[in-house]
Amino acid sequence: KLNVVIAEQIANSWENIESHKKNYTICEKAIEYFRDKQADYSRFTQIRALEELRWEVSFMQYDLACSMNTYLKADSNAERSISFMRAYRIETSALSHLYGYNDKYREKSIWNKIRTVPEFNAIQLSNEIEDELKSMTSHLDLTKRNLYTHYREDAKLNISERWQCANGMNHPKELMQMLRLVTLCKKIDHFLVLLISSIRLTEKRKNYEMLKPIRKIKELAYKYNQQEIVEMSER
């Protein structure tokens, strides 16, 4: 079952990634257009941040699927350990972009951009996700990440140390961490659905209030049989 699910995810991965890229680009073009017109483009900036978050989460999700695919097809424990090393590199990179591993990078993170969305605090799931991100990033080990990435750092060879890590790795523990990451991706997906739904509702209410005067004019035009004004109000 896991093989089937992973195969389906990998098969659709590039199409989905390109879709997020397209939406992100549309937001950038809208921001540029409204900026040139000296109009308010803050909402488009917020929507761009949402798409950036979904884009980053998709990369993490599909990279993890590839790592798990490699794990399932591995012929030895050493090969399986290499799959987990790759998963850890994905984890440190993705979580650093999503939330930041210290206060300096947290200010520039995608999650910090999302916090500027007015509807953010109204969604309780945001607190749960933030606690999870805070917990995960507090345990990131950049020394370990470098060891898993580089066979050599300047004059220091990492080959022997990497081999020891591969042979001593706790696979059930690593599998549970991968499950935690995949679950986080699912929570963020659900959070984004709720947030986008809330944004749509806000904009619908704004439009309703903005069009109130036109509706009043239309009512009066109907009442006094001013068909020309009725037609103008419907354009």
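What you see below is based on every heavy atom in this structure, not just the backbone, and it leaves out hydrogens, waters and symmetry mates.
Residues Arg43 and Pro118 approach most closely at NH1-CD, 3.9 Å, considering heavy atoms. For the residue pair Ile47 and Cys27, the shortest heavy atom distance occurs at CG2-SG, 3.7 Å. Of all the heavy atoms in Tyr101 and Ser96, the pair that sits closest is CD2-OG, 3.3 Å. Closest non-hydrogen pair, Ser83 versus Ser67, comes out as CB-O, 3.6 Å. Scanning all heavy atoms of the two residues, the minimum distance from Ala49 to Ile110 falls at O-CG2, 3.9 Å.
How far OG1 of Thr143 is from CD of Glu153: 8.5 Å, rounded to the nearest 0.5 Å. Within the model, atoms OH of Tyr71 and CD of Glu79 stand 12.0 Å from one another, a figure rounded to the nearest 0.5 Å. Distance check, rounded to the nearest 0.5 Å: NZ of Lys144 to OG1 of Thr149 gives 11.5 Å. Residue His150 holds its NE2 atom at 13.5 Å from CD1 of Ile159, rounded to the nearest 0.5 Å. In this structure, CE in Met136 is found 10.5 Å from CG in Leu98, a value given to the nearest 0.5 Å. We find the OG-CG distance between Ser19 and Asn12 to be 11.5 Å, quoted to the nearest 0.5 Å.
Among residues two or more places apart in sequence or in another chain, the ring pair (Phe, Tyr, Trp, His ring centres under 6.0 Å) test is passed with Tyr62 by none.
A single hydrophobic cluster is not seen to contain both Met68 and Leu179; linkage of ILVMFWY side chains at heavy-atom distances under 4.5 Å, directly or through other members, places them apart. Follow the hydrophobic side-chain contacts under 4.5 Å out from Leu201 and you never reach Phe191; the two are in separate clusters. Both Leu95 and Leu142 are part of a single hydrophobic cluster, where members link through side-chain heavy atoms under 4.5 Å apart. Ile6 is not connected to Phe59 by any chain of hydrophobic side-chain contacts under 4.5 Å among Ile, Leu, Val, Met, Phe, Trp and Tyr, and they are in different clusters. Hydrophobic cluster membership differs between Ile31 and Ile196, with clusters built from Ile, Leu, Val, Met, Phe, Trp and Tyr side chains linked at under 4.5 angstrom.
Within the 4.5 Å cutoff, side-chain heavy atoms of Glu130 are placed close to those of Arg115. The shortest distance between side-chain heavy atoms of Lys29 and Thr25 falls below 4.5 Å. Contact annotation: the side chain of Val182 never approaches that of Gln61 to less than 4.5 Å [non-hydrogen atoms, C-beta and beyond]. Cys165 is listed as a side-chain neighbour of Met85, based on a closest heavy-atom distance under 4.5 Å. Looking at Glu32 and Tyr41, their side chains never come closer than 4.5 Å, going by heavy atoms from C-beta outward. In this structure, Val57 and Leu184 have side chains that are not in contact, with every pair of non-hydrogen atoms separated by 4.5 Å or more. Taking the side chain as every heavy atom from C-beta outward, Leu64 and Met60 approach each other to under 4.5 Å. Put simply, the side chain of Phe34 does not reach to within 4.5 Å of the side chain of Asp40, judged on heavy atoms.
Annotation: ring pair (Phe, Tyr, Trp, His ring centres under 6.0 Å) contacts involving residues 3-32, sequence neighbours excluded, comprise Tyr24-Trp55. Applying the side-chain hydrogen bond (donor to acceptor under 3.5 Å, both in side chains) test to every pair with at least one member in residues 166-194, sequence neighbours left out, gives these pairs: Arg54-Asp189, Ser81-His171, Glu91-Gln177, Glu128-Lys187, Glu132-Arg180, Ser135-Arg180.
Taking the six-membered ring for Trp and the full ring otherwise, Phe120 and Trp111 have centroids separated by under 6.0 Å.
At a cut-off of 3.5 Å, with distance as the only test, no side-chain donor of Tyr88 or Arg145 sits close to an acceptor on the other residue. For the 3.5 Å distance criterion, the side chains of Asn69 and Lys73 qualify, holding a donor opposite an acceptor. There is a side-chain donor-acceptor pair under 3.5 Å between Glu119 and Thr202. Donor-acceptor pairing under 3.5 Å is recorded for the side chains of Lys156 and Asn158.
A salt bridge between Lys22 and Glu15 is absent, with no side-chain N of the basic residue lying under 4.0 Å from a carboxylate O of the acidic one. For Lys21 and Glu52, the salt-bridge test fails: no basic side-chain N is under 4.0 Å from an acidic carboxylate O.
A donor-acceptor pair is defined here as one N or O able to donate and one able to accept, closer than 3.5 Å; no such pair exists between the side chain of Thr116 and the backbone of Asn112. Proximity of a side-chain donor or acceptor of Ser126 to a complementary backbone N or O of Ala122 within less than 3.5 Å is not detected. Proximity of a side-chain donor or acceptor of Ser13 to a complementary backbone N or O of Ile10 within less than 3.5 Å is detected. Looking at Ser197, its side chain never comes within 3.5 Å of a backbone N or O of Leu194 through a donor-acceptor pair. Between the side chain of Thr137 and the backbone N or O of Lys134, at least one donor-acceptor pair lies under 3.5 Å. Judged by distance alone, with hydrogens and angles left aside, the side-chain atoms of Arg86 form a donor-acceptor pair with the main-chain N or O of Asp63 at under 3.5 Å. Between the side chain of Arg152 and the main chain of Asp154, a donor-acceptor pair closer than 3.5 Å is present.
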Checklist entry - Hey, mind stepping through Ile188 and Leu125 against side-chain contact (heavy atoms from CB on, under 4.5 Å) and telling me if it holds? => result CA-CA 9 Å; Ile188 293 175; Leu125 187 57; over 6 Å; no
Checklist entry - Checking side-chain contact (heavy atoms from CB on, under 4.5 Å) for the pair Ser58/Asn16: CA distance, chi angles, key distance, verdict? => result CA-CA 8 Å; Ser58 293; Asn16 289 337; 5.6 Å; no
Item to check | Derivation of the side-chain contact (heavy atoms from CB on, under 4.5 Å) call for Leu181 and Ile90 | outcome: CA-CA 10 Å; Leu181 288 166; Ile90 294 162; over 6 Å; no
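Within a 6.0 Å radius of CZ in Arg35, other residues, nucleotides and ligands contribute more than 12 heavy atoms. For CD of Gln124, the number of neighbouring non-hydrogen atoms (other residues, nucleotides, ligands) closer than 6.0 Å is 12 at most.
Taking the ring centre of Tyr151 as origin, the terminal cationic atom of Arg162 falls inside the region bounded by 6.0 Å and 45° from the ring axis.
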